[in-house]
Amino acid sequence: MISQIVGYAGLWLIMKSGGGMDAYYQNAILFTGLTGLLAMIPCLWFYSRDRAARKIGGLVTSQKPWQLKIPKMLLLLGMGAAFSQFANMLVGILQSVLNYQEYQESMDQLMEGKQMWFLILSMGIIAPLAEEIVFRWLIYLRLRDYMRMGAAAVISGLIFGIYHGNLVQAVYASLLGIVFAYILDISGCLWSSVLLHMGANIWSLISPDLYTWIIARNPAAIMILFLILLMVMILGCFYFTKRVQGRSKRVI
């Protein structure tokens, strides 16, 4: 949220200086990345204070959160890609209500002329990390201190959706925000939601070109890809749900 405010302020200054909407589309992603980096510092400080207070209050144990190994990290990235794909399909079904075409045109203008490595760095790595620190590590975990996990996940997810500032992303981000909070809680690891978010954003960036490449060679392979994503999503949810069984106290 801090990064969004600072980013908008910077873009407003560019537009006021005479750059107009062209300057906005040219610099929006750059400002997103830079302000995300700046926002992490105070937010990490707030999170460390919150965690210390939770330990003192007995809300979490002093045990170290679960450490992810590479196979689990890859699983979470794959799950993020799957959640992104199926949430996008749902948004596509509702496109007549959500004005999806206008949103897509705006996104195309934002990404036009940008190198893929730059998009992945800004929107696929930095932005997800900054947003997870704010919306899951701070907002969700604080809400969970006072209410049930499900209610906290829904409220934090809706806040996450509203933050994106348009109806299409509000629906998409709210759904993913609820899922990210749930997996964060049952996994017992802060980095689980970060990896899910990174997987979702990176998939959204690379999937259009991937679909074009697959369709040009074998259109039927798209269904195989969707089936693989579905299996990854189901198996990942099953794995983390099973893992939480028997854990009596929160570690995050």
Side-chain angles (χ1 to χ4, degrees), residues 1-2 4 39 43-44 46-47 50-51 53-54 57-61 65-66 68 72-73 75-91 94 127-201 203-204 229-230 232-252:
M1 191 171 297
I2 295 172
Q4 190 92 333
C43 289
L44 283 171
F46 283 124
Y47 169 72
D50 265 2
R51 180 160 174 79
R54 287 190 184 92
L59 293 172
V60 297
T61 67
W66 185 41
L68 291 174
K72 308 301 184 300
M73 295 172 67
L75 175 60
L76 286 163
L77 288 170
M79 290 171 65
F83 288 130
S84 172
Q85 178 60 54
F86 295 116
N88 268 316
M89 290 171 69
L90 176 60
V91 170
L94 301 173
L129 178 55
E131 290 174 356
E132 287 307 304
I133 292 172
V134 174
F135 291 98
R136 251 61 66 184
W137 298 15
L138 284 174
I139 294 176
Y140 167 69
L141 292 178
R142 175 53 67 94
L143 287 171
R144 192 195 59 181
D145 291 343
Y146 301 102
M147 59 185 69
R148 294 182 180 274
M149 180 180 72
V154 170
I155 292 172
S156 64
L158 290 174
I159 295 172
F160 183 52
I162 293 169
Y163 152 83
H164 282 78
N166 63 79
L167 189 57
V168 173
Q169 283 190 302
V171 174
Y172 172 83
S174 294
L175 292 172
L176 291 189
I178 294 168
V179 172
F180 293 165
Y182 174 72
I183 300 295
L184 167 68
D185 208 301
I186 67 172
S187 71
C189 178
L190 289 170
W191 294 102
S192 60
S193 67
V194 175
L195 290 167
L196 286 169
H197 199 154
M198 288 181 177
N201 281 22
W203 181 256
S204 293
L229 289 171
L230 181 62
V232 168
M233 183 175 68
I234 293 173
L235 290 174
C237 291
F238 177 78
Y239 171 78
F240 287 110
T241 301
K242 290 291 289 183
R243 190 183 181 282
V244 76
Q245 294 178 1
R247 193 177 70 212
S248 58
K249 293 188 177 181
R250 295 169 176 164
V251 295
I252 56 173

With S193, which of E132, E131, R136 fulfils side-chain hydrogen bond (donor to acceptor under 3.5 Å, both in side chains)? E132
To the nearest 0.5 Å, what is the distance between CG (L94) and OH (Y172)? 14.5 Å
Does Y182 form a side-chain contact (heavy atoms from CB on, under 4.5 Å) with T241? I'd like the steps, not just the answer. CA-CA 10 Å; Y182 174 72; T241 301; 3.6 Å; yes
Within this structure, what is the CG-CZ distance for the pair L90 and F86, rounded to the nearest 0.5 Å? 12.0 Å
In N88, L176, L175, the residue satisfying side-chain contact (heavy atoms from CB on, under 4.5 Å) with F83 is L176
Below 30° counts as parallel, above 60° as perpendicular, anything between as tilted: where do the rings of Y163 and F160 land? parallel
Check the pair V232 / L235 against side-chain contact (heavy atoms from CB on, under 4.5 Å), numbers first and verdict last. CA-CA 5 Å; V232 168; L235 290 174; over 6 Å; no
What one should report as the nearest heavy-atom pair of L129 and M198 is CB-CE, 4.3 Å
Shortest non-hydrogen pair, I252 vs C189, comes out as CD1-N, 4.2 Å
A153 to A181 - nearest heavy-atom pair and separation: CB-CB, 3.9 Å
Under a 4.5 Å cut-off applied to non-hydrogen side-chain atoms, are M73 and L76 in contact? no
Under the side-chain contact (heavy atoms from CB on, under 4.5 Å) rule, what do V194 and W137 come out as? Steps first, then yes or no, please. CA-CA 10 Å; V194 175; W137 298 15; 3.9 Å; yes
Taking side chain to side chain contact (heavy atoms under 4.5 Å, CB included) as the definition, give me every residue that meets it alongside L143, ordered by chain and number, with sequence neighbours left out. I139, M147, A152, I155, S156
Keeping S84 on the side-chain end and G80 on the backbone end, is there a donor-acceptor pair under 3.5 Å? no
Close aromatic pair by centroid cut-off 6.0 Å: H197 and F135: no
Which atom names give the shortest non-hydrogen contact between D185 and R144, and what distance separates them? OD2-CD, 2.8 Å
Please identify each residue that fulfils side-chain hydrogen bond (donor to acceptor under 3.5 Å, both in side chains) with W203, with sequence neighbours left out. Q85
Full working for side-chain contact (heavy atoms from CB on, under 4.5 Å) between Y239 and K72: CA-CA 10 Å; Y239 171 78; K72 308 301 184 300; 2.8 Å; yes
Look up atom CG in L190 and atom CG in L195, then write down how far apart they are to the nearest 0.5 Å. 11.0 Å
Shortest non-hydrogen separation from C43 to I133 and the atoms involved: CB-CG2, 3.5 Å
Output all residues satisfying side-chain hydrogen bond (donor to acceptor under 3.5 Å, both in side chains) with S192, sequence neighbours left out; order by chain, then residue number. S187
Does the side chain of R54 come within less than 4.5 Å of D50's, by heavy atoms? yes
To check you understand the geometry: which heavy-atom pair defines the closest contact between M79 and L196, and what is its length? CB-CD2, 3.6 Å
